[in-house]
> 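What follows is a single structure, and I will ask about it in a moment.
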There are 2 protein chains.
Amino acid sequence: MKVLIVEDDPLHRSYLHEAVCAALPECDTVIEAENGTAGERLARDHKSAHIVMDLQMASRNGIEAARTIWKERPETRILFWSNYSDEAYVRGVSRIVPDGAAYGYVLKSASDERLKLALRSIFVESQCVIDREVRGLQQKSLGQTNGFTDSEYEILVDIALGLTDRAIARRRNLSLRSVQNRLQQLYDKLDVYQTAGDDHEDGRFNLRARAVTVALLRKLLNYSALERAETELQEWLESGR
Amino acid sequence: MKVLIVEDDPLHRSYLHEAVCAALPECDTVIEAENGTAGERLARDHKSAHIVMDLQMASRNGIEAARTIWKERPETRILFWSNYSDEAYVRGVSRIVPDGAAYGYVLKSASDERLKLALRSIFVESQCVIDREVRGLQQKSLGQTNGFTDSEYEILVDIALGLTDRAIARRRNLSLRSVQNRLQQLYDKLDVYQTAGDDHEDGRFNLRARAVTVALLRKLLNYSALERAETELQEWLESGR
DNA sequence: TCCGATGTTGCGGGTTCACGCAAGACGCGG
DNA sequence: CCGCGTCTTGCGTGAACCCGCAACATCGGA
């Protein structure tokens with residue numbers, strides 16, 4: 001068995017290397033990449049079927065890399081190993097995993113034991129292993145309760161990018177008013193109307209901008225999600241008119 | 001000599017521990033804290049004069065912790081050890097360092113050698129050591145050229161928080177129009193007017209929201225800066241009315 | 001002292017936003 | 001087939017925003 005490790009922090013990389021060797025005696029080769037771009041290339045060259053992938057890397061982040069890798073070989077098994085369990089990451093990952101693919105999501109704070117178990121489950125048993133904490137988010141967000149619909153999430157991203165109502169309407173093929181409707185839903189769910197509702201009507205927020213920060217603070221959005229959205233936007237601007 | 005390490009990643013913590021022992025033979029005690037809160041407490045209990053501090057930690061980040069530590073003992077020497085050189089961090093740090101205090105800023109990507117040198121310079125020689133890359137940012141941002149004034153930065157934070165023009169005016173004791181002036185300066189510098197100026201006048205941006213994302217993408221802002229700003233805002237809302 | 005550079009404020013108007021109201025459009029179980 | 005909920009759309013209003021124009025302050029030199 002061959003395992004590819006994609007991780008930009010050298011410390012974590014060598015830790016992973018050890019963990020992989022310890023957990024998988026049947027593994028005879030370990031390859032390392034220190035960013036997403038190199039990861040993609042090595043995965044292609046070695047036809048890797050087993051990958052441990054960091055999210056958030058400088059040059060090309062784990063989600064991007066995983067997407068192109070899975071596009072070429074949907075049967076590849078990928079274990080995501082991340083510092084955070086931001087909803088933005090979780091959503092990003094579950095958006096790109098191919099049907100029936102085996103993958104895992106383990107937090108860096110997990111114990112050695114947890115990590116080794118996950119490695120074996122995914123790479124040997126082809127089972128999905130999702131950290132409990134992450135799993136919680138998934139349920140909440142994909143199930144309706146208390147979570148955000150895709151359409152709400154979509155419009156959140158759009159205003160975060162700084163698009164105008166009209167621009168969003170064109171991009172999403174909606175009428176101006178529908179866009180504004182969705183915005184209100186969003187404002188509702190994000191609970192942007194606060195200032196605790198008390199006293200002076202003054203000191204209000206700019207709902208649009210406020211929504212974005214609240215989303216950021218709640219980790220519905222994060223840097224890498226913004227980054228991805230931004231490049232998508234640029235593509236749309238150029239091609240789609 | 002006693003050294004306090006504040007860092008939430010166990011791997012990095014033990015790496016630092018080793019590095020400190022290797023670089024500073026005169027160091028007889030190393031204490032470790034795994035978040036900002038614990039770091040503050042230990043610094044107080046041990047009257048620590050030498051601290052290595054991670055930025056971005058889950059519970060209470062390095063800047064917060066450093067601020068309260070320096071408030072109690074301005075002569076404390078702190079070496080910041082961070083993954084990133086975001087302008088937001090650099091600005092955050094240089095905003096809180098007391099006059100004449102010795103401090104350092106080293107990136108995690110630096111070599112062992114660099115780190116050890118920095119440790120010795122700061123803790124033994126009381127010299128400031130700032131990573132070259134970080135230094136560049138500092139110059140650019142504190143010197144006028146191409147950088148952002150404090151007032152511009154301030155208003156950037158305010159719109160990022162989602163404050164309305166009027167609210168900003170009250171908070172900063174300015175007239176409505178002045179606020180809008182500063183906003184325009186900001187829009188200018190952030191180059192928000194683009195869409196490359198070409199073709200259709202349509203497809204414009206919401207300048208306010210766009211400014212925030214552009215700032216985020218350029219790392220003028222980041223999560224922890226937002227977080228700090230948000231708590232400051234809440235304080236202001238409660239007390240200052 | 002006067003002058004120009006920079007920063008603050010008021011006024012006015014064109015645009016975009018936020019949102020209530022109401023008319024359709026679609027889907028779904030009865 | 002009808003009724004009901006959810007989603008979409010149009011219209012209209014009041015507020016907030018973007019910004020050009022112009023009158024003061026301020027402050028550091030010449």
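Below, read A as the first sequence line, B as the second, and so on, with proteins coming before strands; counting in each chain starts at 1. The structure displayed is predicted, hence computed values, not measured ones.
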> Charged N to carboxylate O under 4.0 angstrom, B:Asp150 versus B:Arg91?
yes
> Do the side-chain N or O atoms of B:Ser151 get closer than 4.0 angstrom to the phosphate oxygens (OP1, OP2) of C:dG7?
no
> Nearest of D:dC19, C:dC19, D:dT9 to any side-chain atom of A:Gln184?
C:dC19
> For a quick check under 3.5 Å, do A:Thr231 and A:Gln234 share a side-chain donor-acceptor pair by atom type?
no
> Atom CG of B:Leu174 and atom P of C:dG10: how far apart are they, to the nearest Å?
11 Å
> Is the count of non-hydrogen atoms from other residues, nucleotides or ligands lying under 6.0 Å from B:Glu133 atom CD greater than 12?
no
> Any base atoms under 4.0 Å from B:Leu176, or only sugar-phosphate, or nothing? Heavy atoms, all strands.
nothing
> Using ring pair (Phe, Tyr, Trp, His ring centres under 6.0 Å) as the criterion, list what pairs up with B:Phe123, not counting sequence neighbours.
B:His50
> Is the shortest side-chain N/O distance from A:Asn206 to OP1 or OP2 of D:dA16 below 4.0 Å?
no
> Between A:Arg60 and A:Thr68, which heavy-atom pair has the shortest distance, and what is it?
NH2-CG2, 3.4 Å
> Mind calculating the distance between CD (A:Gln180) and C1' (D:dA16) to the nearest angstrom?
14 Å
> Would you tabulate the pairs of protein nitrogen or oxygen atoms and nucleotide nitrogen or oxygen atoms of nucleotides 21-24 of chain C closer than 3.5 angstrom?
unit_1	atom_1	unit_2	atom_2	d
C:dC21	N4	A:Arg177	NH1	3.0

> Using distance alone, with no hydrogens and no angle criterion, decide if A:Gln184 and A:Gln180 have a side-chain donor and acceptor under 3.5 Å apart.
no
> How many Å lie between CG on B:Leu183 and P on D:dA16, as a whole number?
15 Å
> When you check the side-chain N and O atoms of A:Asn222 and A:Asp86, is any donor under 3.5 Å from an acceptor?
yes
> What contact category does B:Leu207 fall into here, base, sugar-phosphate, or nothing, at under 4.0 angstrom with non-hydrogen atoms?
sugar-phosphate
> Do the side-chain N and O atoms of B:Thr149 and B:Glu152 include a donor-acceptor pair separated by under 3.5 angstrom?
yes
> Could you identify which residues of residues 153-161 of chain A place a heavy atom less than 4.0 Å from some atom of DNA chain C, listed by residue number, or say none?
none
> Are A:Ser178 and D:dT9 close enough that a side-chain N or O sits under 4.0 Å from OP1 or OP2?
yes
> Check this for me: does any side-chain nitrogen of one of A:Asp191 and A:Arg210 sit under 4.0 Å from a carboxylate oxygen of the other?
no
> Specify the separation, in whole Å, of atom OH of B:Tyr187 and atom C1' of C:dT15.
14 Å
> Between C1' on D:dG20 and OH on B:Tyr193, what's the gap in Å once rounded to a whole number?
12 Å
> Quick one: B:Gln185 CD to D:dG20 P, roughly how many Å, whole number?
13 Å
> Rounded to the nearest Å, what distance is computed from the CZ atom of residue B:Arg166 to the P atom of nucleotide D:dC18?
13 Å
> How is A:Arg182 classified with respect to the nucleic acid when contacts are heavy atoms under 4.0 Å: base, sugar-phosphate, or nothing?
sugar-phosphate
> Measure CZ/B:Arg204 against C1'/C:dT15 and give the value in whole Å, please.
9 Å
> Consider only side-chain N and O atoms of A:Gln56 and A:Tyr223, and report whether a donor and an acceptor are under 3.5 Å apart.
no
